[in-house]
Structures are given as structure tokens and as C-alpha cells.
Amino acid sequence: PPAHSRNDWIGPPDKHSNLRPVIFYVPPKESHLERRLREARQEAQACNQHFWARHNCAFRQEKEEFIYSRLKAKGLEMRDETGQKATLNAEEMADFYKDFLSKNFRKHMQYNRDWYKRNFTITFLMGQVALARALRWLRWKKKNVGN
């Protein structure tokens, strides 16, 4: 981002996780509380990136293996006579999706628990930062009104 920018910058979706990376703005006089908030947001972003990149990679790999095994069981190749990639019907793919979700249920539950904890912490810190800024503004206003 340009040096004069005062906002977070959001990039294009990552090819592995499908999440949009964020470059967080760091104010020149960032308070300790504001730094804790920014670092909590950065940590949450990194954890989300890591989880979804791994999850999506496993999903794609297992999906390809599932399609290959089903096509092989039918005596078909991965590509048809025209060179097009062979596919399965929606019902067959529904079997894969159901199995994949069932197999990864515990991972998703743990991810959701962690996600809620991180977001609660971030929300709490955001409230503290907003309160600190409001108090700082009121003190500044009181000081300037008194002059």
C-alpha cells in the first residue's frame, strides 16, 4: 500500500485458501491496546489462512481420488474420447461430499470453536479500543473547550 494510506488493504483471493489477504494499517502512534487488536486480527487471519489452505488441498486431492476410483470401477478413463475430463453425476458427488464432511467433522468443530474464541477476543479488544479513543477525544475536547 502507498505510504500515505490510512486503511487496511485487502488483496485478491489466495489460490489455496480462497481467503483474501489483508495488509493491516499500522498508525504512527499506535497504542498498546491498538497493537494488541491488530496482532489478534493478524493471528486470526494467519490461522484461517493455514486451516483453509490445508483443508482445500485435502478436499481437492480426495475429490480427485474419489472420481478416479469411481471411474475406474466403471471401466472408464479420466478423460473421454474427445479429451474432456470425465465427471460423475450429482448423486455420486453427493456421496463424496457427505463422506468428506463426516470424516472432517471434528476438525470443523475445533476450527469453529477456535474461530469463535478469536472473534470474541477481537470484538472485546475493538470495544476497548473504541472506549479508549472516545475517552481520549473527550479529554481532548474538554482541554480545548477550557482554553
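The chain is numbered in sequence order, starting from 1. Computed from a prediction, not measured in an experiment: that's the story for all the values here.
- Taking NZ of K85 as the start and CG of L71 as the end, the distance is 10.0 Å to the nearest 0.5 Å.
- H16 NE2 to H55 NE2: the interatomic distance, rounded to the nearest 0.5 Å, is 15.5 Å.
- Contact detail for R118 and C47: the closest heavy-atom pair is NH2-SG, 3.1 Å.
- At least one side-chain heavy atom of L33 sits less than 4.5 Å from a side-chain heavy atom of L125.
- The shortest distance between side-chain heavy atoms of D99 and E62 does not fall below 4.5 Å.
- Within 6.0 Å of the OH atom in Y68, the count of heavy atoms belonging to other residues, nucleotides or ligands does not exceed 12.
- With a 4.5 Å cut-off on side-chain heavy atoms, Y25 and N7 do not count as touching.
- K29 is not listed as a side-chain neighbour of E34, based on a closest heavy-atom distance of 4.5 Å or more.
- Not a single donor-acceptor pair under 3.5 Å links the side chain of E39 to the backbone N or O of R36.
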**Report entry** Criterion side-chain hydrogen bond (donor to acceptor under 3.5 Å, both in side chains) on Q61 and E65, from CA distance to verdict
**Finding:** CA-CA 6 Å; Q61 181 178 349; E65 290 169 1; 3.2 Å; yes
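- Side-chain atoms of R106 and Q110, non-hydrogen and from C-beta on, never get closer than 4.5 Å to each other.
- With 3.5 Å as the limit, one finds no donor-acceptor pair spanning the side chains of Q45 and R41.
- Within a 6.0 Å sphere centred on NZ of K107, other residues, nucleotides and ligands contribute 12 heavy atoms or fewer.
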Query raised in the report: Is there a side-chain hydrogen bond (donor to acceptor under 3.5 Å, both in side chains) between R38 and Q42 once you walk through the steps?
Result: CA-CA 6 Å; R38 179 179 47 81; Q42 288 171 323; 3.2 Å; yes
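- Shortest non-hydrogen contact noted between S17 and A53 is CB-N, 3.7 Å.
- Under the 4.5 Å side-chain heavy-atom criterion for Ile, Leu, Val, Met, Phe, Trp and Tyr, F120 and Y111 are members of distinct hydrophobic clusters.
- A donor-acceptor pair shorter than 3.5 Å can be found between the side chains of R54 and H50.
- For the atom pair CZ (R136) and CG (L131), the distance works out to 11.0 Å, reported to the nearest 0.5 Å.
- By the rule that hydrophobic residues join a cluster once side-chain heavy atoms approach within less than 4.5 Å of another member, F59 and L101 end up as members of separate clusters.
- In this structure, A44 and I122 approach most closely via the heavy-atom pair CB-CD1, 3.8 Å.
- You'll find the side chain of I23 stays beyond 4.5 Å of the side chain of D8, heavy atoms only.
- The CG atom of L19 sits 8.0 Å away from atom CG of N56, with the distance rounded to the nearest 0.5 Å.
- For Y97 and F66, the gap between ring centers reaches or exceeds 6.0 Å.
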